[in-house]
Number of protein chains: 2
Amino acid sequence: MKAELAMIEPSERQRVLLALVVHEYVRTASPVGSHYLVERYNLDMSSATVRNELAALTEMGYLRQPHTSAGRVPTEEGYRYFVGRLLQETVLPDTMRRTITHQFYQMGNDVEQWMRLAASVLAHQSRAASLVTAPHAEKPRLKHLELINTRGRQVLMVMVMVGGEVRQRLMTLSEPASQEQLSAAAERITRQFLDKSVDAIRASRGSQPNLDSDVLGWLIEELERAESNISGEVYLDGLANVLAEPEFSSSEDARRALRMLEERSMLQDLLARTVLATGNVGGVQVLIGGEGTWNDLRQSSMVLSRYGVPGLATGTLGVLGPMRMSYGKTISVMRFLSSLLSDLVAETLVDEN
Amino acid sequence: MKAELAMIEPSERQRVLLALVVHEYVRTASPVGSHYLVERYNLDMSSATVRNELAALTEMGYLRQPHTSAGRVPTEEGYRYFVGRLLQETVLPDTMRRTITHQFYQMGNDVEQWMRLAASVLAHQSRAASLVTAPHAEKPRLKHLELINTRGRQVLMVMVMVGGEVRQRLMTLSEPASQEQLSAAAERITRQFLDKSVDAIRASRGSQPNLDSDVLGWLIEELERAESNISGEVYLDGLANVLAEPEFSSSEDARRALRMLEERSMLQDLLARTVLATGNVGGVQVLIGGEGTWNDLRQSSMVLSRYGVPGLATGTLGVLGPMRMSYGKTISVMRFLSSLLSDLVAETLVDEN
DNA sequence: AATTAGCACTCTCCTTGCGAGAGTGCTAAC
DNA sequence: GTTAGCACTCTCGCAAGGAGAGTGCTAATT
């Protein structure tokens with residue numbers, strides 16, 4: 001967040017007007033004028049009064065004019081104030097909650113499908129680009145190891161983590177082994193390191209038989225990888241939506257925003273410094289205009305939330321759209337999805353052995 | 001492919017000019033005129049002669065003018081003729097081949113990484129959007145089954161397919177079972193149905209013990225799913241590239257093209273009707289302007305190729321860009337990647353047990 | 001002291017007109 | 001068959017002008 005000089009607190013009437021300007025601008029994408037506001041909302045004051053108040057709000061930094069003699073447009077600060085103080089939570093209609101819940105339960109227990117569905121719902125409801133990361137443990141712990149002979153000295157290693165993540169990797173043994181030997185080794189190692197993190201495994205690596213030593217090496221390598229990944233697999237949807245917005249219809253900005261989602265390193269950085277930095281699950285965060293940190297998001301806003309069971313497996317929900325985005329709708333959909341996914345994760349993945 | 005009335009065959013000189021026009025238009029994105037061509041390529045004829053030939057090519061349907069008194073632009077047919085008859089294969093420089101190959105071998109045996117790398121290389125080299133699908137068997141056969149107790153009656157089923165695909169699914173047993181029982185059942189089933197396709201399994205499903213019956217049910221369900229999927233997982237890259245092209249900078253068209261890649265059903269349809277329809281691996285197919293079938297690709301072209309080992313596991317490489325795309329470069333990169341990936345698949349995934 | 005009517009002013013946007021430039025097609029000469 | 005020359009067409013950029021929207025300010029009103 002950028003260093004802010006304390007902003008002046010608007011009066012009650014100014015707050016109402018600010019909310020109206022934001023609402024109207026989000027709807028129409030064109031600057032809103034005093035006369036228009038009075039007309040459209042049957043305000044109990046004249047356009048001149050509104051004009052005075054808008055001028056004050058402009059002075060305070062919540063609004064700006066694209067040029068002298070145009071209507072007003074919210075500034076970043078304007079959106080921030082709106083989201084932080086003015087936005088009253090709208091609750092998702094009950095029928096919609098039910099429909100969505102139903103869809104999730106129809107998918108069975110397939111995490112991949114949940115992710116796709118979540119991304120799709122987010123993208124549709126917010127009419128923007130969405131982003132969902134699969135549940136992922138910060139400190140992965142081994143739940144089950146399996147070794148499968150494929151050919152000669154090549155072996156497929158399948159690791160299941162506590163929390164349900166599965167990773168696989170094809171590797172080459174230093175000397176051949178039968179499937180029986182492999183299975184025995186896998187069972188041995190599973191028993192020894194059940195529920196252990198990579199540190200524990202690394203520590204107790206001593207003088208194992210040749211085969212076990214090979215396997216442990218890969219296991220550690222793979223767990224390290226899983227641990228260095230800040231998030232689970234990434235699912236995107238609705239990328240085409242952002243191109244429909246007038247502010248992105250041409251211009252460099254759409255490209256930058258898209259690149260942000262495409263490029264894993266940027267995304268990891270973004271997530272690490274926002275949702276993951278704060279521990280809380282279920283809360284919704286809003287980044288407006290890149291918050292001075294992400295240049296590629298200068299024209300955009302992101303709504304982010306974390307779901308899951310902290311300590312076991314958590315994931316992220318995100319929506320990327322123009323700054324002029326329907327925050328109310330987006331936030332309420334995301335809040336709902338976040339709690340729904342948290343429930344699903346808890347129900348199916350929690351380890352109670 | 002659309003029904004074509006036989007096109008008139010251009011003369012040798014016309015062919016040269018057509019190639020030059022295509023080349024020049026791809027480079028500059030603006031209509032090319034007779035005078036300019038003579039100047040730039042030191043042609044041994046006057047602009048008037050060129051004008052006559054261009055008029056002839058226009059008459060034949062290979063070129064068109066955006067308006068009277070503008071230069072010429074290739075038509076779809078023009079591109080088609082160019083790609084089919086005029087494009088001489090450029091071979092990728094040796095250093096680049098080596099660099100790319102090196103990168104792939106550095107990834108080890110991780111299919112997921114290969115896919116990402118392939119998508120990234122394709123996107124960068126062609127400066128367009130790329131698409132890679134993971135190796136996938138048309139007729140999946142079981143290689144190994146594993147059952148892992150998670151909690152109560154919940155069981156994680158991990159299936160490894162011949163060819164290396166891995167699928168997992170969380171399911172609920174009709175009555176509880178210990179890990180020992182699960183492992184035994186998994187081994188029993190693996191032994192019985194090793195290398196069998198879903199049909200064989202469905203056929204010999206008889207009076208198994210309760211547990212086995214449950215498991216077989218899911219196994220069949222999951223194999224059916226794998227079989228109904230026409231392709232493996234889809235990896236996209238360079239989506240932001242297409243927005244950089246002038247023809248996509250604004251307008252509906254970029255959105256349509258993006259949607260095509262995003263929407264799995266469209267993509268499956270596209271792949272099913274093109275690369276997968278023809279059996280050959282390694283050949284490169286070019287779709288120009290949607291070929292009358294895909295409306296969303298009206299402004300775009302796709303270059304497609306299939307890689308892998310037919311009958312075992314194959315995947316698809318694709319590039320989506322504006323019709324005014326550098327076909328030569330794209331095709332040569334794709335040809336190289338296709339054979340490289342085929343080698344990798346053959347080396348690591350072929351089953352010789 | 002706050003509100004409002006009235007008005008001059010500013011700026012965008014759209015249209016119109018016009019000249020420069022690029023490129024063509026045609027004709028007549030080579 | 002090729003080319004020089006020329007009239008013609010169309011886009012593009014620029015300037016000028018008018019309509020429209022919206023502002024800020026001042027003076028009158030409540």
Side-chain angles (χ1 to χ4, degrees), chain A residues 10-18 20-25 27-75 78 246-247 249-251, chain B residues 10-18 20-25 27-75 78 246-247 249-251:
Chain A
S11 73
E12 178 54 30
R13 190 166 69 178
Q14 288 168 346
R15 278 199 286 269
V16 172
L17 286 173
L18 177 53
L20 290 183
V21 171
V22 171
H23 188 246
E24 210 45 35
Y25 184 66
R27 217 177 52 89
T28 63
S30 51
V32 358
S34 54
H35 193 68
Y36 180 82
L37 273 183
V38 175
E39 283 287 289
R40 177 154 228 277
Y41 293 98
N42 284 91
L43 297 185
D44 255 354
M45 43 190 151
S46 75
S47 66
T49 309
V50 174
R51 244 181 338 267
N52 286 330
E53 297 291 45
L54 295 188
L57 284 165
T58 306
E59 182 66 26
M60 298 180 205
Y62 296 113
L63 296 177
R64 65 185 179 81
Q65 298 176 269
H67 43 266
T68 349
S69 149
R72 295 315 206 285
V73 166
T75 60
E247 39 270 84
S249 71
S250 79
S251 97
Chain B
S11 73
E12 177 57 27
R13 189 166 67 178
Q14 290 168 344
R15 277 200 287 270
V16 172
L17 286 173
L18 177 53
L20 290 182
V21 171
V22 171
H23 188 246
E24 210 46 34
Y25 183 65
R27 218 176 50 88
T28 64
S30 50
V32 1
S34 55
H35 192 68
Y36 180 84
L37 274 182
V38 175
E39 283 286 290
R40 176 152 229 277
Y41 293 98
N42 283 90
L43 297 184
D44 256 355
M45 42 191 151
S46 76
S47 65
T49 310
V50 173
R51 240 173 352 258
N52 286 330
E53 297 291 44
L54 294 188
L57 283 166
T58 306
E59 182 66 26
M60 297 179 204
Y62 296 113
L63 295 178
R64 64 185 179 82
Q65 299 176 269
H67 43 266
T68 349
S69 148
R72 296 314 207 286
V73 166
T75 60
E247 39 269 84
S249 70
S250 78
S251 99

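Sequence lines set the chain letters: A, B, ... in the order given, protein chains first and strands last, and positions in each chain run from 1.
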Answer with base, sugar-phosphate or nothing: what part of the nucleic acid does B/S34 contact at a heavy-atom distance below 4.0 Å? sugar-phosphate

For B/P74 and B/Y25, which heavy atoms make the closest approach, and how far apart are they? CD-CD2, 3.6 Å

In a table with atom names and distances, give each donor-acceptor pair under 3.5 Å that connects a side chain of residues 64-72 of chain A to protein atoms at least two apart or in another chain.
unit_1 : atom_1 : unit_2 : atom_2 : d
A/Q65  : NE2    : A/A70  : O      : 3.3
A/R72  : NE     : A/T58  : OG1    : 2.8
A/R72  : NH2    : A/T58  : OG1    : 3.3

Using the rule side chain to side chain contact (heavy atoms under 4.5 Å, CB included), only one of A/L54, A/L18, A/V22 pairs with A/Y62; which is it? A/L18

Give me the first and last nucleotide of DNA chain D, going 5' to 3', that has any atom under 4.0 Å from a heavy atom of chain B. D/dT2 to D/dT11

Just jot down the salt bridge (charged side-chain N to carboxylate O under 4.0 Å, His left out) partners of A/E59, sequence neighbours excluded, or say none. none

Testing the basics here: between A/R13 and A/T49, what is the closest heavy-atom pair and its distance to 0.1 Å? NH2-CG2, 3.6 Å

Go through residues 62-73 of chain B and report each residue with a non-hydrogen atom lying under 4.0 Å from DNA chain C, sorted by number. B/Q65, B/S69, B/A70, B/G71, B/R72

According to side chain to side chain contact (heavy atoms under 4.5 Å, CB included), who are the partners of A/Y36, at least two apart in sequence or on a separate chain? A/E24, A/R27, A/R40

Heavy-atom nearest nucleotide on DNA chain D taken for B/R13 and for A/Y36; more 5' hit belongs to B/R13

Residues in side chain to side chain contact (heavy atoms under 4.5 Å, CB included) contact with B/R15, at least two apart in sequence or another chain: B/E9, B/P10, B/E12, B/Y81, B/L86

Between A/L43 (CG) and C/dT3 (C1'), how many Å, whole number? 14 Å

Short question: side chain of B/T75, backbone of B/G61 - any donor-acceptor pair under 3.5 Å? yes

